[in-house]
Amino acid sequence: MEKIKIYKGNIIFTKIPEKFEVLENGYIIVSDSKIKKVCKELPWEYNDIKIEDYSDKIIMPSFVDLHLHGPQFENMGLGMDKELLPWLETYTFPEESKFKDLEYAKKVYMNLINELWENGTTRSVVFGTIHRESTEYLADLFIKYGFGAYVGKVNMDINSPDTLVESTSESLLETKNFLRNYAGVSSRVKPIITPRFIPTCSGTLLSGLSDLAREYSVPVQSHLSENKGEIEWVSELHPECKNYSAVYDKYGLLGGDIKTVMAHCVHCDEDEIKMLKDRGVFVAHCPTSNLNVYSGIAPIKKYMKLGMNVGIGSDISGGHTLSMMKCIVSAIQNSKMYYLYIDDSYGMLTLSEAFYLATKGGGKFFGCSGSFEEGYDFDALIVDDSAIYSVLNKDVEQRLEKLIYSGNTSCIIKRFAFGEQLEK
């Protein structure tokens, strides 16, 4: 029997990047967790159904974080005086080594889940560590509390600290065990193949991971062209390949018949950009991280104009916050600097475009998520912004802008994922 729920409020979302869809005092009709209709007037056949009336509050899609490192949660805000590779060696690798201890992992990952809830992020694409047991615990938490996620056991078999390296055979076996345990177990939380990045993975490992991605029909996530020093290192390791993307392509890990998300893509050349577009690769733009570890400014407006798949990632702990609202602001500010100092050909990100990236743009990696269109999952936030807007009348778009630039998590009063309210 069809289960109908109806929500009333000031509805705002983005079907396309260029503009907001706004329904003041509108209705969202949800059927069995899916959006059935968004309308200004409620059709008569729903007159007998109880309405959840949120009055003057805002109803908006919840956020999608397309790239984050779960084990780096405790390191947020640390090491921001170092460039990427020294930062990894000094802060990140020592912290991730601790996740061999499951009890330590339990404490950190529970705090991570609560912080995601706090910030209204209901779907995430997440790096774990090389430790399968800890990574499985993280996946179990996402399942238990109703979030959507792709969770990956990280792979590293070369050029890594002794405390954070696997043999090639061990890495492939543990990844296969992880896939066996989680592929098909949950419709909401799924495994994803996760080579850390090219410098820490041998060709044999990359080839084996490519085979596993196809055997289990799972996507791939990694890092691409984040930092100039990293790119030079990849070039030294793989002189036979003309660029960084070509290495992933050589081993069958760059889109095409498998879904792939690559974080950063700050310094991709024109050949790489064409390859990413043609293969349907998702770009996870991580603006706060790119500034913090001074990697550069990605040409995100260009990627969008070219029709590429783009979302936003917090990239903790290169990024210093899990707040997607702050990441939206940073993405807009990054684009302004790119326009001003690098290339003014493509313009700057607007609020609607950056909001789209943090909702529907990243949500497309999951399927129908991040918008209030027919057939989409009801992933939503109920926002009471009365504490931050003035006595002057403001329209819903202005209220959303003020929320994103000046609001905080206390404004979010309810969170929904897959049609169900998420509790802390």
- request: Could you tell me how the ring of Tyr150 sits relative to the ring of Phe366: parallel (under 30°), tilted (30 to 60°) or perpendicular (over 60°)?
  value: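 It falls in the tilted class, 30° to 60°.
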task: Let me see the working for Asn243 and Ser245 under side-chain hydrogen bond (donor to acceptor under 3.5 Å, both in side chains), right down to the final yes or no.
output: CA-CA 6 Å; Asn243 53 46; Ser245 299; 4.5 Å; no
Taking all non-hydrogen atoms of both residues, which atom of [X] and which atom of [Y] are closest, and how far apart?
X: Phe63; Y: Met325; value: CZ-CG, 3.7 Å
X: Lys360; Y: Thr14; value: CD-O, 3.7 Å
X: Pro43; Y: Ile29; value: CD-CD1, 4.1 Å
X: Phe355; Y: Ile328; value: CA-CD1, 4.1 Å
X: Ser314; Y: Thr321; value: CB-O, 3.4 Å

Pair [X] and [Y], ring centroids less than 6.0 Å apart:
X: Tyr7; Y: Phe416; result: yes
X: His264; Y: His285; result: no
X: Tyr346; Y: Tyr303; result: no
X: Phe13; Y: Phe20; result: no
X: Phe127; Y: His69; result: yes

task: Would you check, one step at a time, whether the test side-chain hydrogen bond (donor to acceptor under 3.5 Å, both in side chains) holds for Glu96 with Thr129?
output: CA-CA 6 Å; Glu96 290 194 11; Thr129 60; 6.0 Å; no
Taking [Y]'s backbone N and O only, do any of them form a donor-acceptor pair with [X]'s side chain (distance below 3.5 Å, no angle check)?
X: Glu420; Y: Ala417; answer: no
X: Lys301; Y: Met348; answer: yes
X: His67; Y: Val126; answer: no
X: Thr200; Y: Ser160; answer: no
X: Ser371; Y: Lys15; answer: no

message: Before you tell me yes or no, could you show the steps for Thr175 and Asn155 under side-chain hydrogen bond (donor to acceptor under 3.5 Å, both in side chains), namely the whole-Å CA-CA distance, both residues' side-chain angles and the distance that decides it to 0.1 Å?
response: CA-CA 8 Å; Thr175 300; Asn155 302 98; 2.7 Å; yes
- prompt: Should Leu322 and Asp65 count as side-chain neighbours, where that means a heavy-atom distance under 4.5 Å?
  reply: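 Of all side-chain heavy-atom pairs linking Asp65 with Leu322, at least one is under 4.5 Å.
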message: Are the side chains of Tyr182 and Val189 in contact, using a 4.5 Å heavy-atom criterion?
response: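 Heavy-atom side-chain distance check fails, nothing below 4.5 Å.
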message: Could you tell me if Lys34 sits above the aromatic ring of Tyr376, with its cationic atom closer than 6.0 Å to the ring centre and no more than 45 degrees from the axis?
response: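 No, a cation-pi geometry is absent between Lys34 and Tyr376.
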Between [X] and [Y], does any side-chain N to carboxylate O distance fall below 4.0 Å?
X: Lys274; Y: Glu270; value: no
X: Glu272; Y: Lys242; value: no
X: Arg399; Y: Asp395; value: no
X: Lys40; Y: Glu24; value: no
X: Arg123; Y: Asp379; value: yes

For Phe197, the option from Val154, Val234, Leu88 that meets side-chain contact (heavy atoms from CB on, under 4.5 Å):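 Exactly one candidate clears the test, Leu88.
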Among side-chain atoms of [X] and [Y], is any donor-acceptor pair under 3.5 angstrom?
X: Tyr145; Y: Lys424; answer: no
X: Asp343; Y: Ser345; answer: yes
X: Asn10; Y: Asp56; answer: yes

- request: Might you work through the salt bridge (Lys or Arg N to Asp or Glu O under 4.0 Å) test for Asp385 and Lys57, ending with a clear yes or no?
  value: CA-CA 7 Å; Asp385 61 335; Lys57 296 175 179 61; over 6 Å; no
task: Go through the steps to decide whether Phe73 and Asn111 satisfy the test side chain to side chain contact (heavy atoms under 4.5 Å, CB included), and finish with yes or no.
output: CA-CA 8 Å; Phe73 177 77; Asn111 289 337; 3.5 Å; yes
- prompt: Hey, mind stepping through Lys228 and Tyr294 against side-chain hydrogen bond (donor to acceptor under 3.5 Å, both in side chains) and telling me if it holds?
  reply: CA-CA 10 Å; Lys228 290 183 177 179; Tyr294 39 110; over 6 Å; no
- request: Go through the steps to decide whether Phe378 and Phe418 satisfy the test ring-ring contact (aromatic ring centres under 6.0 Å, His included), and finish with yes or no.
  value: CA-CA 5 Å; Phe378 184 61; Phe418 303 92; over 10 Å; no
